[in-house]
Amino acid sequence: MDGLSTAWTMLTTTPALFAAIGGVAWGIIGGALPGISPSIALALLLPFTYGMDPITAIVLLGATYVGAEYGGSIPAILINTPGTNAAAATVVDGYYMHREGRGGEALGISLQSGVIGGLFGLIFLILFTEPLSRVALSFNFPAYFALGVLGLSVIVSLSNGSLIKGLIAATLGLMIATVGTDPLSGVTRFTFGEAELLTGIEYVIVMVGVFAMSELMMTANTPDWGKTGQMQTRIKLPSFAKWRKLWRAQGIGSGVGIFEGVMPGAGGSIAAFMSYNEAKRWSSEPEKFGKGSEEGIAAPEAANNAVACTALVPVLSFGIPGSNSAAILMGGMLIHGLTPGPMLFQKEPDFVYGLFGGLAVANVSQLLLGILMMTPALWLVNRPKPYLMAAIFALVFSGIYSIHESTYDLYLVLGFGLMGYLLRVFGFPFLPLVLGLVLGYLVEANYRRSLELTAGDHRIFWETPISAGLLSVAALFVLGSAVRDILMARKAARAVAEGGAK
């Protein structure tokens, strides 16, 4: 009861209650716009949280994540274009139902399933985050260094593309993290004589540049998405009898979403497709999947919103984000002087309970806001893409400039936007870069502190059981990924050879 009363007090004594509702509304709009993923919606909002108190800012970001996961299903169902990557699984049956004149019913199933999945994910977050953080309290300097290395290795090995590209992206993130003042000696590093770089490069500038600005550059050369026309689609929530038919699919989606959310590198997309396959496997009517199955919408949408909550488990317990959106949330915490990890429960328990309360409000209010935001979301989807992209560009620049009122920050965000564009073009993953950025201090500081204890003897990392175990697991992930890439390259070479022989 203490945690419940603390959460309620934090929500009612700060603007966090309104932030939770506003975040869901913005998330639904951001998710409904094709190309504006949850991570980009969060990145666009991040600069405007600087003047807020920590609980309000992080509740706003967390609620945006929740709303965006549902918002992606709106264009997926109505125009056959997923607003988010995770909504790609919803396209299959959702658009089919829409063509049959059941689009409002499909949207209702998506909304109800998202709320149920989000609440299940929130319950898991509340029950297991603090116990896991107690385990992390036993970590020393070598163990924290090994934990950071493990987080990087898992993300790198699970990233799309080759292991080498993942390693390069992670290294870029670590390099950016070293700009500024040395955390232990106070010596300036890689500032090139620029006074603006003495305090390092703000997380928000890198994230907004890499995610939002690079997306604007990419969409400049892509065709416009489809339009919904002047259709008036009304959400029709499932009846109790219909819900009884969907509970199994929603339970499967929630379970898969909870599992995938706590796994680094998995995220909503994998959870959505896995839950879709499992729902089909256990369905009494598997033949309907792909032909307007209601269960084919319920399962992936429940999984998406479950991930939005459980992705915070490794962030709050260990300080290791497992997805792009979770990394941006972690960046928001760092911006406001909060250090994610086990000590957060010791030093800022009110913040943690307030965040739990804010996420509860976000998930519950999503049921009403999903209905109210349908009209403005459809209106925005029907706007010409150049106008929308210009508005987002102005939003990026005004948000970044408002941080320090510095034109130097605008040049930086353009530079990181160009870097993100090049990474997209050459197929480099973003998550290792962002993770290298936010974990840079954790890895470097604990590595150097460990060596100071032993006068430079690296054996300390293998003499400490926890660090030795974590480093061994990290090595297995990297080696396994390397073997996988080699086998895939050989298979591709054999296929080319056989094709040439024919």
Side-chain angles (χ1 to χ4, degrees), residues 129 132-157 166-167 169-190 199-203 206 264-265 312-322 326-327 329-348 431-478:
T129 303
L132 287 174
S133 70
R134 293 197 193 103
V135 175
L137 283 174
S138 62
F139 285 17
N140 52 14
F141 293 148
Y144 272 115
F145 164 75
L147 181 65
V149 172
L150 175 62
L152 287 170
S153 66
V154 172
I155 297 301
V156 165
S157 62
L167 288 171
T171 302
L172 282 174
L174 291 170
M175 290 171 64
I176 296 169
T178 61
V179 174
T181 304
D182 186 290
L184 299 184
S185 67
V187 176
T188 57
R189 307 180 300 186
F190 311 114
T199 57
I201 299 175
E202 299 270 6
Y203 297 119
V206 180
L312 295 180
V313 173
V315 173
L316 296 177
S317 298
F318 302 105
I320 303 291
L329 269 168
M330 179 172 170
M333 293 181 193
L334 294 171
I335 287 169
H336 287 275
L338 300 168
T339 303
M343 294 306 297
L344 189 63
F345 288 86
Q346 304 292 325
K347 296 180 178 179
E348 301 288 345
L431 185 52
L433 183 147
V434 176
L435 200 62
L437 174 67
V438 298
L439 294 182
Y441 176 81
L442 175 74
V443 172
E444 180 191 10
N446 287 287
Y447 171 76
R448 292 173 60 185
R449 286 167 180 163
S450 300
L451 293 184
E452 286 181 357
L453 293 175
T454 60
D457 190 349
H458 284 79
R459 286 181 296 180
I460 188 174
F461 298 110
W462 300 105
E463 292 173 349
T464 305
I466 297 178
S467 63
L470 293 175
L471 289 174
S472 299
V473 174
L476 289 176
F477 269 105
V478 174

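What you see below is based on every heavy atom in this structure, not just the backbone, and it leaves out hydrogens, waters and symmetry mates. Note that the structure is a prediction, hence the values are computed from the model and not measured.
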> Quick one: ring pair (Phe, Tyr, Trp, His ring centres under 6.0 Å) partners of F318, sequence neighbours excluded?
Replying inline: none
With a cut-off of 3.5 Å and sequence neighbours excluded, list every side-chain donor-acceptor pair involving residues 459-469.
| unit_1 | atom_1 | unit_2 | atom_2 | d |
| --- | --- | --- | --- | --- |
| R459 | NE | D457 | OD1 | 3.2 |
| R459 | NE | D457 | OD2 | 3.0 |
| R459 | NH2 | D457 | OD2 | 2.8 |
| T464 | OG1 | I460 | O | 3.1 |
| S467 | OG | F461 | O | 2.7 |
| S467 | OG | T464 | O | 3.0 |

Over all atoms of both residues, closest heavy-atom pair of [X] and [Y]:
{"X": "S317", "Y": "L132", "answer": "OG-CB, 3.5 Å"}
{"X": "G148", "Y": "L442", "answer": "CA-CD2, 4.1 Å"}
{"X": "G166", "Y": "P432", "answer": "O-CB, 3.5 Å"}
{"X": "L174", "Y": "G440", "answer": "CD2-CA, 3.8 Å"}

Quick one: pull up [atom1] in [X] and [atom2] in [Y] and give me the separation to the nearest 0.5 Å.
{"X": "F145", "Y": "L451", "atom1": "CZ", "atom2": "CG", "result": "8.5 Å"}
{"X": "F141", "Y": "E452", "atom1": "CZ", "atom2": "CD", "result": "9.0 Å"}
{"X": "F345", "Y": "R134", "atom1": "CZ", "atom2": "CZ", "result": "9.0 Å"}

> Which residues satisfy the salt bridge (charged side-chain N to carboxylate O under 4.0 Å, His left out) test with E202, sequence neighbours excluded?
Replying inline: none
Would you please name every residue forming a side chain to side chain contact (heavy atoms under 4.5 Å, CB included) with [X], sequence neighbours left out?
{"X": "R189", "answer": "T178, D182, P183, E444, R448"}
{"X": "V315", "answer": "P321, A326, M330, M333, P340"}
{"X": "V206", "answer": "I176, I201, V210, F416, L433, L437"}
{"X": "Q346", "answer": "L137, M343"}

Quick one, [X] and [Y] - any side-chain contact, counting heavy atoms below 4.5 Å?
{"X": "L312", "Y": "T129", "value": "no"}
{"X": "V434", "Y": "Y203", "value": "no"}
{"X": "V149", "Y": "L470", "value": "no"}
{"X": "L147", "Y": "N446", "value": "no"}

>> Go through it in stages, so that I can follow the logic: the residues are S153 and L150, the test is side chain to side chain contact (heavy atoms under 4.5 Å, CB included), and I'd like the CA-CA distance, side-chain angles, deciding distance and then a yes or no.
In response: CA-CA 5 Å; S153 66; L150 175 62; 3.9 Å; yes
> Partners of Y447 by side-chain hydrogen bond (donor to acceptor under 3.5 Å, both in side chains), sequence neighbours excluded?
Replying inline: H458
